[in-house]
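Report on one structure; see the data block that follows.
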Amino acid sequence: MTAAPRKAVRRGLIVLLVLLAVSGWTYLAVGDRWKSNVAFFTLDEGDNYRLRVTGSFDVRCAKLERETFSDPYVNWREAGKDCAWPRVADGDGWLAGGRAEQVHSERLGRRLPEAILYGIVPAAATSIQITLSDGTPREAATIASGHDAYRVYAVYVPDAGDRVEVVSLRLHDAQGGDLLVY
Amino acid sequence: MSTSRTRTVVAIVVVFGGLAVVGGLNWEGWDGRRPAVTGPRLLTEGTTGGVNWSVVQVRESTWGECLYLRQDGATVERTCTESGVLQNYELSVRTLRGAAAPILFGMLPAAAARAEVAADGGDVQARFRNAELVPLKVHGSDGSRRFVVQAAPTGPDWSGKNSVSVAVQDAAGRSLTRRDRRSR
């Protein structure tokens, strides 16, 4: 190869590497804007929450994220996550997990008496019934997670109060039967 | 290798190495790899006042072996060690959702073989006791946690209580709780 083509190849390679580096840093900086979600909530106050499925191989998590405006380098901040429920040894079901996130409005700068209940459940669970300390059962259909072993749920409760506590969590399968959880 | 080529290689390693490190640390595939609670094991389950409950032993990443009293997929009470001060052990008193009578739950020392509470939920030391002692069933075997979970003795004195003193003895009948002080 003569000197001129070799120089052209080298320049092309450098341009490619620079483009790769810029793309990588750009994705790390603002890529979370384009990540797919399974549920999205826009509050009356203008704040946004979204539920995403994360993890790898056989482990998955339902991750709740809140959009943030205060940090120029972070667009979505993790509010919490619920990962795959473990099977209970010597039992016949799962150790129930699930999360209740008190809604925080960054625009108003305070917590609101609202909550988002979310979690990841075994794939057999097509609906979930959640009861908070107010005693009212709330039924919600679960959502496909993209993984065969799990489904996820996310329920917005506008009148949850200032202190959210889940006192009962029941799973139902497609036939309406109960799945055993502890 | 010429100086300019060395600089180029170092620059590439630094830029892409940095990308790899930052990207690796932020990779969401790590999620769920280190769960806070592992190895749940059902120790016992039962019904009190028509309400089902279960006791599950778990390993928490922070606190080690813990016991959960669970009802309907929710934790009612959690304990990771014996409760009490200066060998005056205590049990938690909880009323399960939908139940009329309270339930006693708590962990005991590893040597515990027998446990008793006062029928009125008061002090168990002879000097201060106003009611008979009621024996409790101690769960757990060698190598596992000793604990109590059962309905509180019947009576009106239990309402409003969050905890109750418990007298604990080992298999030889020796008291594991603080001995009664002599009157001076």
Side-chain angles (χ1 to χ4, degrees), chain A residues 10 13-14 17-18 20-25 27-29 31-32 35 52-63 78 81-98 119-121 128-133 135 165-171 178-182, chain B residues 4-5 7-9 11-45 51-61 66-76 78 94-99 144:
Chain A
R10 191 183 295 166
L13 202 63
I14 289 170
L17 286 175
V18 168
L20 266 176
V22 170
S23 308
W25 284 115
Y27 179 76
L28 286 175
D32 56 352
K35 289 176 179 171
R52 300 181 48 246
V53 178
T54 60
S56 59
F57 301 103
D58 285 339
V59 180
R60 288 291 184 278
C61 299
K63 182 187 274 188
E78 179 180 331
K81 62 174 175 274
D82 181 45
C83 296
W85 301 0
R87 290 284 298 194
V88 174
D90 300 333
D92 194 26
W94 293 267
L95 183 69
I120 186 163
V121 295
I128 186 166
Q129 187 190 68
I130 304 170
T131 306
L132 301 181
S133 43
E165 184 187 7
V166 174
V167 298
S168 170
L169 196 153
R170 292 180 175 173
L171 301 182
D178 280 342
L179 296 174
L180 186 57
V181 292
Y182 294 96
Chain B
S4 65
R5 186 168 290 179
R7 281 180 185 166
T8 305
V9 170
I12 289 172
V13 168
V14 167
V15 170
F16 286 93
L19 273 175
V21 169
V22 174
L25 290 175
N26 286 312
W27 185 48
E28 292 178 324
W30 300 121
D31 285 358
R33 291 284 144 198
R34 288 189 174 185
V37 172
T38 55
R41 186 161 66 94
L42 179 66
L43 296 183
T44 184
E45 54 189 333
V51 173
N52 295 327
W53 50 261
S54 54
V55 176
V56 178
Q57 177 177 304
V58 302
R59 171 167 285 278
E60 292 188 0
S61 57
C66 297
L67 299 183
Y68 292 172
L69 175 62
R70 308 271 298 182
Q71 178 195 10
D72 264 354
T75 300
V76 177
R78 164 189 170 276
R94 291 286 177 270
T95 301
L96 300 177
R97 195 170 59 88
S144 73

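Protein chains get the first letters and strands the later ones, always in sequence-line order, with residue 1 at the start of each.
Interface remark: Arg41(B) contributes backbone and side-chain atoms alike to the contact with chain A (heavy atom separation under 4.5 Å). Ile12(B) touches chain A through its side chain: at least one heavy atom from C-beta onward sits under 4.5 Å away, while N, CA, C and O do not. With a 4.5 Å cut-off on non-hydrogen atoms, Trp53(B) does not touch chain A at all. Within the 4.5 angstrom heavy-atom criterion, no atom of Val76(B) approaches chain A. Contacts of Glu45(B) with chain A are made by side-chain atoms alone, with heavy-atom separations under 4.5 Å and no backbone atom involved. Neither the backbone nor the side chain of Ala84(A) comes within contact range of chain B; no heavy atom of the residue lies under 4.5 Å from a heavy atom of that chain.
Residues Val59(A) and Gly32(B) approach most closely at CG1-O, 3.5 Å, considering heavy atoms. Between Phe16(B) and Leu17(A), the closest heavy-atom pair is CZ-O, 3.4 Å. Residue Gly29(B) comes nearest to Ser56(A) through the heavy atom pair O-OG, 2.9 Å, listed as atom of the first residue, atom of the second, then distance. Minimum interatomic distance between Tyr182(A) and Ser54(B) (heavy atoms only, all atoms of both residues): CD2-OG, 3.6 Å.
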#### Entry: Candidate pair Arg70(B) and Leu95(A), rule side-chain contact (heavy atoms from CB on, under 4.5 Å), full reasoning
CA-CA 9 Å; Arg70(B) 308 271 298 182; Leu95(A) 183 69; 3.7 Å; yes
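Taking OG from Ser168(A) and CD from Gln71(B), the interatomic distance works out to 7.5 Å, rounded to the nearest 0.5 Å. The line from CZ of Arg52(A) to CG of Asp31(B) is 8.5 Å long, rounded to the nearest 0.5 Å. Separation of atoms CG (Leu20(A)) and CG (Leu19(B)) is listed at 9.0 Å; rounding is to 0.5 Å. From Glu78(A), atom CD reaches atom CD of Glu28(B) across 8.5 Å, with rounding to the nearest 0.5 Å. Expressed to the nearest 0.5 Å, how far CG of Leu42(B) lies from CZ of Arg87(A) amounts to 12.0 Å.
Taking Ile14(A), Val166(A), Val167(A) one by one and counting their heavy-atom pairs under 4.5 Å with chain B, the maximum is reached by Val167(A).
In Arg33(B), the CZ atom is crowded: over 12 heavy atoms of neighbouring residues, nucleotides or ligands sit closer than 6.0 Å. Within a 6.0 Å sphere centred on CG of Asp178(A), heavy atoms belonging to other residues, nucleotides or ligands number more than 12.
Cys83(A) places none of its side-chain heavy atoms less than 4.5 Å from the side chain of Pro35(B).
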